[in-house]
Amino acid sequence: MSRIVMKFGGTSVADLDRIRHVAQRVKAEVDAGHEVAVVVSAMSGVTNQLIGYVDSAGKLADLREYDVVVSSGEQVTSGLLAIVLQSIGVNARSWLGWQAPIRTDGSHGSARIREIEVEDLIRRFGEGQVAVFAGFQGIGPDGRISTLGRGGSDTSAVALAAALKADRCDIYTDVDGVYTTDPRIVTKARKLDKITYEEMLEMASQGAKVLQTRSVEMAMKHSVRVQVRSSFNDAEGTLVVDEDEIVEDALVSGIAYSRDEAKITLIRVPDRPGIAAGIFGPLADASINVDMIVQSYSADGNSTDMTFTVTKTDMDRAVSVLEELRGELKYDALTSDPNVVKVSVIGVGMRSHAGVAKKMFTTLADKGINLQVISTSEIKVSVLLAEEYAELALRSLHTAYGLDAA
Ligand code: ADP
Ligand code: ASP
Ligand code: MG
């Protein structure tokens, strides 16, 4: 007998037929004698619709009411799945975030899970009961509903698996596993049998939304055995594992992209000590995260151009913060561009092999694609390019690194 957590994403619970199908998969695990906790997302499209309502309702004074509205999608799915399970003879009970409870910090809208109380759940496992959790939600220190950020049901599932010391955490989604790149864009993408926590973390944080970044952090920290697999077939999925479990050490294991970037350039900023602090300090104070940064060579020794990226949703706010500081920063002009995409190649093999970045740059140059900003870390190289080249860049890099499926 094993204890398992099964998480089903939005497409997997998109309507009642699919929820019935999910119920059969849950029943199969219960019939095999396992203790099962299920985590569900909102039905596909529902969270976007709820966010749309919030945006139209009026100026948002604080995120507590946002959380009340957007968390409701998962409540519906958890209740529906519990009903369907009961109707096919499975002893099931729905759970909302406040009921376990799943305790989070107070950052409404993107809260972090702090602890989950599982004693009652474990007692109920002993009575043969299946727990059906509403993903994406918890309860903050203020006693109010909190949500975990987009894609947060993955994190609910992994956190639950860690707290329950589950043997497995299976993430059921609408693709067969983790691929070398988004299979919806590159048809030659190849499914990976295994990927390291570290690579998965980098893939997720660079935009591959198949797992929420925090869920991978949490799995890594607590050594949760995560498998990403399809809810529509029985094919083996992708296991996220420690590096020592990987036999084949590919130089590049995946390519991620993010359309959630926007580029801002300050033209001719005086080149003096303290200028970076003068720009990025106020942005940080306004809770605007800056990702890539490049400062151009100062040809005249007096002024320089500073280019950086923020998320698309923060672009307008960042521009107004900087416009207010124009007198102080004394730049000549400010430009902003939301039509950019960040493409990243990722692989632990990069630690020990040179030439990955060179191949990236020459491949993109051969296609006539201009690189606007470049950044690197130990296991990734990222470039910013015009959005219209996103697919061409992904496809050509995928081929260049030998990742295409046979
Ligand atoms: P769910 O609703 O099940 O949580 P998501 O839409 O959040 O599913 O994540 C699955 C999607 O992630 C896939 O449909 C795919 O388009 C996208 N994706 C991006 N990069 C990858 C990748 N490297 N491997 C697999 N899927 C990816
Ligand atoms: N429903 C939430 C979202 O769409 C959480 C999730 O699906 O993981 O972001
Ligand atoms: Mg998701």
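All ligand and atom numbering here is 1-based and tracks the order in the structure.
Remark: ligand 1 and S41 share no N or O pair separated by less than 3.5 Å (distance only, no angle test). The shortest N/O to N/O separation between V175 and ligand 1 does not fall below 3.5 Å. Close N/O approach between R184 and ligand 1 is found [any backbone or side-chain N/O within under 3.5 Å]. Distances between N or O atoms of S12 and those of ligand 1 include no value under 3.5 Å. Residue S153 places at least one N or O, backbone or side chain, under 3.5 Å from an N or O of ligand 2.
Side-chain atoms of S230 come within 3.5 Å of backbone N or O of F232 as a donor-acceptor pair. Here the side chain of Q212 pairs a donor or acceptor atom with the backbone of R150 at under 3.5 angstrom. No donor-acceptor pair closer than 3.5 Å links the side chain of R3 to the backbone N or O of A37. Judged by distance alone, with hydrogens and angles left aside, the side-chain atoms of Y401 form a donor-acceptor pair with the main-chain N or O of V356 at under 3.5 Å. For the pair T77 (side chain) and V40 (backbone), a donor-acceptor distance under 3.5 Å is absent. When atom types are taken as modelled, the side chain of T180 and the backbone of R190 share a donor-acceptor pair closer than 3.5 angstrom.
Here the heavy atom of the protein found nearest to atom 16 (O) of ligand 1 is D182 OD1, 2.9 Å. Ranking protein heavy atoms by distance to atom 24 (N) of ligand 1, first place goes to Y179 N, 2.9 Å. Looking at atom 2 (O) of ligand 1, its nearest protein heavy atom turns out to be G10 N, 3.1 Å. Here the heavy atom of the protein found nearest to atom 3 (C) of ligand 2 is R150 NE, 3.4 Å. If you check which protein heavy atom lies closest to atom 13 (C) of ligand 1, you get D174 OD1, 3.5 Å. Closest protein heavy atom to atom 7 (O) of ligand 1: K209 O, 3.5 Å. Nearest protein heavy-atom neighbour of atom 7 (O) of ligand 2: S41 OG, 2.9 Å. The protein heavy atom nearest to atom 1 (P) of ligand 1 is T173 OG1, 3.6 Å. With respect to atom 4 (O) of ligand 1, the closest heavy atom belonging to the protein is K7 NZ, 3.1 Å.
Q137 is not listed as a side-chain neighbour of S153, based on a closest heavy-atom distance of 4.5 Å or more.
Within the structure, the closest approach of P183 to ligand 1 falls below 4.0 Å when heavy atoms are considered. For the ligand labelled ligand 1, residue G177 lies inside the 4.0 Å heavy-atom shell. Residue contacts with ligand 2 do not include G9, since none of its heavy atoms lies under 4.0 Å from the ligand. Proximity of R150 to ligand 1 is not established, as no heavy-atom distance is less than 4.0 Å. Between G73 and ligand 2 there is no heavy-atom distance shorter than 4.0 Å. The closest approach between Q212 and ligand 2 stays at or above 4.0 Å for every heavy atom of the residue.
Of all the heavy atoms of I171, none lies under 4.0 Å from any atom of ligand 1, so neither backbone nor side chain is involved.
Side chain to side chain, S231 and H21 fail the donor-acceptor criterion of an N or O pair below 3.5 Å. One side chain, D105 or S107, offers a donor N or O that lies under 3.5 Å from an acceptor on the other.
Close contacts of ligand 1 with M203, meaning ligand atoms under 4.0 Å from a residue heavy atom, involve 23 (N). Ligand-side atoms of ligand 1 in range of V178: 24 (N), range being under 4.0 angstrom from any heavy atom.
Residues satisfying the side-chain hydrogen bond (donor to acceptor under 3.5 Å, both in side chains) test with R64, not counting sequence neighbours, are D62. The side-chain hydrogen bond (donor to acceptor under 3.5 Å, both in side chains) test applied to S146 returns T104, not counting sequence neighbours.
Each of I4, V5, V39 was evaluated against C169; a single residue qualifies, V5, per the side chain to side chain contact (heavy atoms under 4.5 Å, CB included) test.
The aromatic rings of F280 and F308 lie perpendicular to each other, with more than 60° between the two planes, well past the 30° mark.
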